[in-house]
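In what follows, every chain begins at residue 1, and chains take the letters A, B, ... in the order their sequences are listed. Because only heavy atoms are used, hydrogens play no part in the values below, and waters and symmetry mates are left out as well, while side chains stay in.
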Protein chains: 2
Amino acid sequence: MQADVLAVLQRRGAPMSAYEVLDQLRDGNPRLAPPTIYRALAALIERGRVHRLESLKAFVACRGEEHRHAPIFSICEECGTVEEAVSKSITNELLRITGQSGFAPARHVIEVHGQCARCESKEAPA
Amino acid sequence: MQADVLAVLQRRGAPMSAYEVLDQLRDGNPRLAPPTIYRALAALIERGRVHRLESLKAFVACRGEEHRHAPIFSICEECGTVEEAVSKSITNELLRITGQSGFAPARHVIEVHGQCARCESKEAPA
DNA sequence: AGATTTGATGTTATAATATAACTTATCTCG
DNA sequence: CGAGATAAGTTATATTATAACATCAAATCT
């Protein structure tokens with residue numbers, strides 16, 4: 001099941017809601033129910049193969065080579081394209097800032113909304 | 001309505017779900033419905049007086065002096081305490097990284113989950 | 001082999017979060 | 001007053017997520 005869910009997300013290459021994934025997989029298995037999908041997603045996230053985009057309530061296959069990192073997502077509000085990046089310096093800086101009060105970070109959510117290059121150029125065509 | 005919602009969030013001083021806010025305000029106004037709350041929250045967020053904690057599906061009154069900044073939240077997974085911080089360097093670094101592909105950032109979500117100093121010391125008492 | 005545990009999945013129901021769509025009241029400005 | 005603009009009320013429903021319990025098949029033990 002995890003493999004099926006991951007395959008769907010990878011084929012799409014863009015964020016999908018859990019129910020979109022569910023609909024895809026129902027084609028071959030009409031009795032599939034939400035808990036199955038959510039369980040597969042939870043396991044995939046645990047393994048670092050899928051990320052949840054909190055601000056979109058959606059899921060996306062991990063594109064980083066190195067799983068289990070702290071990804072930074074750029075989300076185009078125009079076309080929905082999502083890019084995934086990693087930055088050691090941001091991770092360190094976050095650690096420094098949040099750690100000032102003795103806070104011990106375990107997990108990060110970093111999501112940047114805006115416009116991708118393509119959409120920007122379309123909107124303001126010189 | 002915005003004032004009422006903000007007051008509730010400020011009194012609590014911690015994240016609340018929209019429905020918790022709703023319940024509070026229903027004491028004085030039993031016919032209150034979700035859309036009213038969500039509209040007030042949307043307006044308050046627009047004005048920078050309230051933030052949505054995406055990874056908690058919850059809302060919190062802004063504690064920064066300067067509204068309309070890009071806040072960083074430390075969220076203790078033990079006691080639920082939330083701290084709000086701002087960092088110019090992180091904002092700049094995010095801009096640098098996401099901007100490499102021509103992306104134009106408009107809004108950030110930065111949420112760090114972990115343990116606050118208090119809870120950490122409780123758990124590992126020397 | 002038979003018993004047993006384990007882990008994943010199936011199944012049913014419902015909880016929690018959020019919004020659409022339409023109505024009504026209020027304000028303000030000409 | 002009347003037209004237009006805002007905010008709020010109202011009803012219904014959409015979307016996202018999980019609880020709780022049942023089933024099944026493989027792995028392990030005796």
Side-chain angles (χ1 to χ4, degrees), chain A residues 1-9 12 14-62 73 75 77-78 80 82 107 109 111 113, chain B residues 1-10 12 14-62 67 73 75 77-78 80 82 107 109 111 113:
Chain A
M1 185 52 53
Q2 287 181 42
D4 292 350
V5 169
L6 185 56
V8 167
L9 285 171
R12 177 71 65 95
M16 299 176 76
S17 81
Y19 281 77
E20 283 173 339
V21 175
L22 179 57
D23 285 345
Q24 290 283 315
L25 291 175
R26 265 182 175 156
D27 281 356
N29 185 354
R31 314 188 67 79
L32 214 54
T36 302
I37 300 300
Y38 279 101
R39 283 193 287 236
L41 287 169
L44 288 164
I45 289 168
E46 179 76 19
R47 291 168 48 205
R49 309 301 305 275
V50 164
H51 302 293
R52 174 161 202 268
L53 295 170
E54 303 285 348
S55 56
L56 298 181
K57 308 186 224 303
F59 303 85
V60 70
C62 176
F73 293 102
I75 301 166
E77 294 188 334
E78 188 94 6
V82 169
R107 183 167 78 83
V109 175
E111 301 177 11
H113 289 245
Chain B
M1 185 52 53
Q2 288 181 42
D4 292 350
V5 168
L6 184 56
V8 167
L9 285 172
Q10 284 175 336
R12 176 71 66 93
M16 298 176 76
S17 79
Y19 279 76
E20 283 173 339
V21 175
L22 179 58
D23 285 345
Q24 290 283 316
L25 292 174
R26 266 182 175 155
D27 282 356
N29 186 353
R31 317 187 65 80
L32 214 54
T36 303
I37 301 300
Y38 279 101
R39 283 192 288 236
L41 287 170
L44 287 164
I45 289 169
E46 180 75 19
R47 291 169 47 207
R49 310 299 307 273
V50 163
H51 302 292
R52 173 159 203 269
L53 295 170
E54 304 285 348
S55 56
L56 297 181
K57 305 185 225 301
F59 303 86
V60 70
C62 176
H67 301 299
F73 293 102
I75 302 166
E77 294 189 333
E78 188 94 6
V82 170
R107 183 167 77 84
V109 174
E111 302 177 11
H113 289 245

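As a whole-Å value, the separation of A/E54 CD from D/dT16 C1' is 12 Å. Rounded to a whole Å, the CD1 atom of B/I37 is 10 Å from the P atom of D/dA8. Nucleotide D/dT16 holds its P atom 14 Å from the CD1 atom of A/I45, rounded to whole Å. Distance B/Y38 OH to D/dG9 P: 16 Å, rounded to the nearest Å.
Applying the side-chain contact (heavy atoms from CB on, under 4.5 Å) rule to A/D23 yields the partners A/R26; only residues at least two apart in sequence or on another chain are considered. When the side chain to side chain donor-acceptor pair (under 3.5 Å) test is applied to A/T36, no partner is found at least two apart in sequence or on another chain. Applying the side chain to side chain donor-acceptor pair (under 3.5 Å) criterion to B/E20, with sequence neighbours excluded, gives no partner residue. A/Y38 is linked by a ring pair (Phe, Tyr, Trp, His ring centres under 6.0 Å) to nothing, counting only residues two or more places apart in sequence or in another chain.
Annotation: proximity of residues 16-35 of chain B to DNA chain C (heavy atom, distance under 4.0 Å) is found for B/S17, B/Y19, B/P34, B/P35, numbered in ascending order.
Using a 4.0 Å cutoff to heavy atoms of chain B, the contacted part of DNA chain C runs 5' to 3' from C/dT17 to C/dA21.
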Worksheet item: Hey, mind stepping through A/Q2 and A/R47 against side chain to side chain contact (heavy atoms under 4.5 Å, CB included) and telling me if it holds?
Response: CA-CA 11 Å; A/Q2 287 181 42; A/R47 291 168 48 205; 2.6 Å; yes
Can you give the donor-acceptor pairs under 3.5 Å from side chains of residues 52-60 of chain B to other protein atoms, not counting sequence neighbours?
residue: B/R52; atom: NH1; partner: B/E54; partner atom: OE1; Å: 2.5
residue: B/S55; atom: OG; partner: B/E111; partner atom: OE1; Å: 2.3
residue: B/S55; atom: OG; partner: B/H113; partner atom: NE2; Å: 2.7

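Along DNA chain D, the nucleotide nearest to A/K57 and the one nearest to A/R39 differ in position, and the one closer to the 5' end is contacted by A/K57.
Within the 4.5 Å cutoff, no side-chain heavy atoms of B/M1 are placed close to those of B/R39.
With values rounded to the nearest 0.5 angstrom, A/C62 atom SG is found 11.5 Å from A/L9 atom CG.
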